[in-house]
Amino acid sequence: MLRLLTASTSVTRALAHRGFASSSVGAKERLVILGSGWGGYNLARKADKSLYDVTLISPNSYFSFTPFLASTCVGTLEFQCATEPVRGIKHVNYGQGWAQSIDLTSRTVRVVPALPPLHPTKDDLPIDTTGAELHAAFSPGDAYDVQFDKLVVATGCRSASFGTPGVTEYAHFLKDNLELASEPTISPEEKARLLSMRIVGGGPTGVEFAAELHDFVSQDVYRIYPHLKDQISITLYDLAPGILQSFDASLRAYAERKFSRAGVTVRGNSKIVAVGKDYIDIASVGGEVERVPYGLLVWNTGLQANEFIETLPGLDKDPKSKSLKVDPHLRVCDADGTPLDGIFAIGDNATPNDGHRLPATAQVASQMAGYMANLLKRLGRGEGLDDTSPFKWKDHGSMVFIGDYRAMVDRSKASDGPRARLSGFVAWIVWRSYYATLAMGWRNKILIPVYWTLAFFFGRDVTNF
Ligand code: FAD
């Protein structure tokens with residue numbers, strides 16, 4: 001069965017039938033946003049609801065504040081501090097589903113619900129929360145169409161494994177490893193393996209995870225598992241000779257010195273060629289392959305297009321990232337490079353067609369969302385695209401936490417304000433203050449400093465991971 005959801009009069013009934021919040025539609029245009037990440041969630045908040053009837057489609061009923069994910073993995077923050085509910089945005093209809101295809105002629109998006117089937121059959125697969133598998137877990141009979149006047153695609157990317165065998169199969173939980181390593185019957189070899197923590201990818205996310213892990217070990221494991229404290233090793237691998245290649249050379253050197261003093265091993269020029277249940281194979285520059293055991297493996301080596309974008313036919317895509325090529329007003333282009341009317345892409349799944357590659361960051365996605373909200377407002381008021389200047393990314397610089405109350409701020413290439421580099425404790429204050437103020441809801445603006453304070457005085461909460 002296929003249902004058509006639109007936001008005009010007949011359609012409001014259909015929306016209500018689906019249980020979406022009905023909105024006062026009138027003559028408003030239908031704006032459909034795909035994705036509830038940095039791009040989609042921000043746009044849904046900022047879009048002018050007096051001009052548009054806004055519907056957001058995403059498998060996640062929440063927004064993930066990705067810069068805090070590393071902190072939540074080791075209990076510095078609770079998971080709720082890194083999420084915001086989509087249903088908290090006023091006057092936005094929400095459908096929990098995966099966009100599957102776009103029909104450019106009927107201007108509809110086919111959506112597969114990211115919910116268990118109402119009447120499960122024995123053939124229905126168990127619900128899996130890992131993305132593509134979840135997509136496959138629902139029968140196509142549950143699909144429905146959502147009609148749009150304006151469409152903004154903000155479905156992001158997924159982590160790239162570069163086809164390395166074993167990467168997606170093996171997941172380990174940090175606390176289980178610490179408890180297992182404490183068992184009296186465990187052999188010394190098995191204990192050494194469980195306590196070997198290996199992080200693949202030396203970009204900001206891998207570095208921040210290594211830093212959080214180091215602080216967790218030095219501040220909390222020392223207290224809670226004193227018998228394990230000297231046996232834990234943290235190793236960070238990258239294909240490049242060192243870590244944080246996008247940062248200024250002096251800051252890179254500072255971070256590597258800091259890690260070396262803290263006992264975090266950085267191994268550059270290392271390519272992980274295979275992942276097994278309890279080992280990884282690392283090829284060095286010379287080509288020789290070394291097999292090392294791991295207890296915890298964190299994979300963070302960049303991005304690849306998500307399945308939805310990859311399978312959309314007839315659109316201009318970047319050959320390398322497979323993301324959608326967009327014109328200077330962020331309009332998606334057809335296969336000939338002609339911009340499509342009223343169809344836009346923002347965030348990680350969008351690449352400007354002027355040859356300037358933008359970094360895949362929250363900063364770019366939220367600037368695009370702000371630009372898009374403004375552009376849609378102008379279009380909604382009857383202004384033409386020519387009245388609006390093209391999207392221009394402002395580089396505000398980069399920040400990274402490197403552990404032990406230290407961070408680095410690199411504004412050496414910033415396109416506005418003073419160009420500066422900062423490292424150490426003051427940079428850490430800047431880093432924390434910036435992200436605390438960036439939290440979107442008041443609940444988290446209050447909760448985040450509270451959890452930081454609790455972790456500082458009473459240690460991290462190790463019950464939940
Ligand atoms: P996302 O935020 O990834 O959102 C995509 C959304 O689309 C999700 O809600 C997803 O569920 C949904 N979706 C996917 N497929 C479909 C579909 N078929 N139909 C409908 N919805 C779909 N950047 C920084 O600038 N600073 C940082 O400190 C930082 N830290 C990071 C830490 C981590 C752990 C990670 C993973 C990333 C980090 N980034 C950071 C990068 C930043 O999070 C991304 O660049 C940003 O999330 C991109 O925003 P987006 O809206 O394009 O995509």
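Quick note: numbers below take in every heavy atom, side chains included, and nothing from hydrogens, waters or symmetry partners. Owing to the predicted nature of the structure, the values given are computational and were not obtained by experimental measurement. Positions are given from 1 along the sequence.
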Decide yes or no for P352 and L358: does some side-chain heavy atom of the first lie under 4.5 Å from some side-chain heavy atom of the second?
-> yes

Compare every heavy atom of R421 with every heavy atom of S412, then report the nearest pair and how far apart it is.
-> CB-NH1, 3.8 Å

With the threshold set at 4.0 Å, does a side-chain nitrogen-carboxylate oxygen contact exist between E84 and R45?
-> no

Partners of T361 by side-chain hydrogen bond (donor to acceptor under 3.5 Å, both in side chains), sequence neighbours excluded?
-> none

Quick one: CG on D318 to CG on N349, what's the gap to the nearest 0.5 Å?
-> 12.0 Å

Evaluate whether atom NZ of K394 has more than 12 neighbouring non-hydrogen atoms of other residues, nucleotides or ligands under 6.0 angstrom away.
-> no

If you look only at pairs with a residue in residues 43-70, which of them pass as a ring-ring contact (aromatic ring centres under 6.0 Å, His included), with sequence neighbours excluded?
-> W38-F63, W38-F65, Y41-F63, F65-F68, F68-W452

Of the options I102, L31, I33, which is the one that meets F148 in a side-chain contact (heavy atoms from CB on, under 4.5 Å)?
-> I102

To the nearest 0.5 Å, how far apart are CD1 in I243 and CD in E256?
-> 5.0 Å

Cation-pi, Y279 ring and R291 (6.0 angstrom, 45 degrees) | yes

Is the shortest distance from a Lys or Arg side-chain nitrogen in D395 or K413 to a carboxylate oxygen in the other one below 4.0 Å?
-> no

Show your reasoning for whether ring pair (Phe, Tyr, Trp, His ring centres under 6.0 Å) applies to F425 and Y405.
-> CA-CA 6 Å; F425 182 69; Y405 309 103; 7.1 Å; no

Note, E183 side chain near K191 side chain (heavy atom, < 4.5 Å) = no

Does the distance from a Lys or Arg side-chain N to an Asp or Glu carboxylate O, for R460 and D220, drop under 4.0 Å?
-> yes

Between N60 and V86 the two heavy atoms that sit nearest each other are O-CG2, 4.0 Å

